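The next block holds one structure in the form of structure tokens; read it before the comments.
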Amino acid sequence: MENSAPNGPAAPRPKALPSHLINGHSPLRPSYTADRDRDDRDSTYSAIESSMGPHKEPIALEDLDGDQRKDSRDGTAPTQRQKASAKQYEDVEDGDLEDLELKVAARDGRDEPPLTPPATNSRSASPFITSNPTIDFDGLSWPSVGTLDRLREREHPDDAAARLTKLSGAVRTILECIGEDPDREGLHGTPERYAKAMMFFTKGYEENLRDIVNGAVFHEDHDELVIVKDIEVYSLCEHHLVPFTGKMHIGYIPSRRVIGLSKLARIAEMFSRRLQVQERLTKQVALALSEVLKPKGVAVVMESSHLCMVMRGVQKAGAMTTTSCMLGAMRKQAKTREEFLSLLRR
């Protein structure tokens, strides 16, 4: 019997994988571009802004002439230019917010339609250049209503003392409402002490990136990962005003500029010393570092325990919450992201 296997034609050698299928790329999706990277950061900004409430700034009136504003007040249909300019300031329904959160939660912005139309007239050339910058080097970073008044009190001791007195009175009221005697020996001076402690817990409202960085950015030809792990973080949950504590890991890939290592911990401290939610805190640290250094990529991972679900509610002491924010190369390159995550596990 003739053995056909050895004498038959040799099996064809497998072809090499095309380049567009290597490292997670797909021929059905366009390559990752600088515009898409900017959109990723833009959508992250939108997530932070939506969680902190609508802007108080008016619509940019320089883009609208008097007749267009009059038509809008009269109830006539606004133009496409008006719709695009006012899109980020209009009120939205709960269902719209849920859809926005689902879009932001996607790992890759290509999985969801863009949050804003691609027309260049509807937004600035850069997400960092707006009429009300999120990172304000001359003022505060993500300020809340009333924060500027608190900052000005540094130069007016009488106003600062009046704020402490008001806060102490509020604490005294709380003690009375829970059935305690604010005048008993053990609680003597507690309202004043707690007022001072609360001002320290939220001191991040009075700080900004310019003072935190303080010129500690240096030119260095280094293009590999820089990681600072296990940064202790203490913050207050804005829903119940109880602490959540944990550790933050920050990594970035420099683009010819590096920052003093201690500044990474100070940036995390600035944003954590506010009323926060962990998801927003993680994004704010990542975007702040991206704004200061303009690196090739930024990654922030935070792990924490929330007392609002440990000492109340479901009372699960062992529950840990992990959040992450990836920007630039950390988001678009799976191997780079995996290298960062593997180094965290070492």
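Given the structure is predicted, the values throughout are model-derived calculations rather than measurements.
- The closest donor-acceptor contact from the side chain of R256 to the backbone of H219 lies at 3.5 Å or more, if one exists at all.
- The existence of a salt bridge linking K283 and E279 is excluded, since no basic side-chain nitrogen approaches an acidic carboxylate oxygen closer than 4.0 Å.
- Other residues, nucleotides and ligands contribute over 12 non-hydrogen atoms within 6.0 Å of the CZ atom of R193.
- Hydrophobic clustering (side-chain heavy atoms under 4.5 Å, transitive across Ile, Leu, Val, Met, Phe, Trp, Tyr) groups L344 together with I253.
- When D230, L281, L264, V301 are each tested for a side chain to side chain contact (heavy atoms under 4.5 Å, CB included) with M248, only one passes: L281.
- Listed by chain and residue number, S342, R345 satisfy the side-chain contact (heavy atoms from CB on, under 4.5 Å) test with E338 (two or more places apart in sequence, or in another chain).
- Side-chain atoms of H222 come within 3.5 Å of backbone N or O of E224 as a donor-acceptor pair.
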R163 vs D149, side-chain contact (heavy atoms from CB on, under 4.5 Å): CA-CA, chis, key distance, verdict: CA-CA 10 Å; R163 180 182 291 269; D149 292 337; 4.1 Å; yes
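- Counting heavy atoms from C-beta outward, H306 and H239 have side chains that stay 4.5 Å or more apart.
- Rounding to the nearest 0.5 angstrom, the gap separating the CZ atom in R274 from the CD atom in E207 is 7.5 Å.
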Between T323 and Q278, does the side chain to side chain donor-acceptor pair (under 3.5 Å) criterion hold? Intermediate values first, please. CA-CA 7 Å; T323 53; Q278 183 175 332; 3.1 Å; yes
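- A donor-acceptor distance shorter than 3.5 angstrom exists from the side chain of R154 to the backbone of E206, with no hydrogens or angles considered.
- Taking a 6.0 Å sphere around NZ of K316, one finds it holds 12 or fewer heavy atoms contributed by other residues, nucleotides or ligands.
- Using modelled atom types and a 3.5 Å distance limit, the side chains of T147 and R150 yield no donor-acceptor pair.
- Here the straight-line distance linking atom CG of L187 with atom CD of E176 works out to 11.0 Å at 0.5 Å rounding.
- Contact of the K263 side chain with the N214 side chain is registered, since non-hydrogen atoms from C-beta on lie closer than 4.5 Å.
- For the pair I231/M302, no side-chain contact is recorded, criterion being any heavy-atom separation below 4.5 Å from C-beta on.
- Tracing side-chain contacts under 4.5 Å through hydrophobic residues (I, L, V, M, F, W, Y), one never reaches I178 starting from Y194; they form parts of separate clusters.
- The residues R266 and D211 are annotated as not salt-bridged, no charged nitrogen and carboxylate oxygen being separated by less than 4.0 angstrom.
- Linking Ile, Leu, Val, Met, Phe, Trp and Tyr whenever their side-chain heavy atoms come within less than 4.5 Å leaves Y234 and I212 in two separate clusters.
- Partners of E269 under the side chain to side chain donor-acceptor pair (under 3.5 Å) rule, at least two apart in sequence or in another chain, are R273.
- If you run side chain to side chain contact (heavy atoms under 4.5 Å, CB included) between Y252 and each of L327, V292, I259, I227, only I259 comes through.
- Taking a 6.0 Å sphere around NZ of K229, one finds it holds more than 12 heavy atoms contributed by other residues, nucleotides or ligands.
- Of all heavy-atom pairs between M330 and T336, the closest is SD-CG2, 3.9 Å.
- Atom CE of residue M199 and atom CD of residue E153 lie 6.5 Å apart, to the nearest 0.5 angstrom.
- Side-chain contact between S304 and V233: absent, with no pair of heavy atoms (C-beta onward) separated by less than 4.5 Å.
- For the pair T202 (side chain) and M198 (backbone), a donor-acceptor distance under 3.5 Å is present.
- Atom CG in L167 sits 14.0 Å away from atom CZ in R172 (nearest 0.5 Å).
- A continuous path of ILVMFWY side-chain contacts below 4.5 Å connects V217 to V285, so both sit in one hydrophobic cluster.
- The distance from atom SG of C237 to atom CD of Q276, rounded to the nearest 0.5 Å, is 10.5 Å.
- Looking at K203 and F200, their side chains come closer than 4.5 Å, going by heavy atoms from C-beta outward.
- Cluster annotation: F218 is connected to V213 through the hydrophobic network of ILVMFWY side chains, with a link wherever side-chain heavy atoms come within less than 4.5 Å.
- Residue L236 holds its CG atom at 8.0 Å from CZ of F244, rounded to the nearest 0.5 Å.
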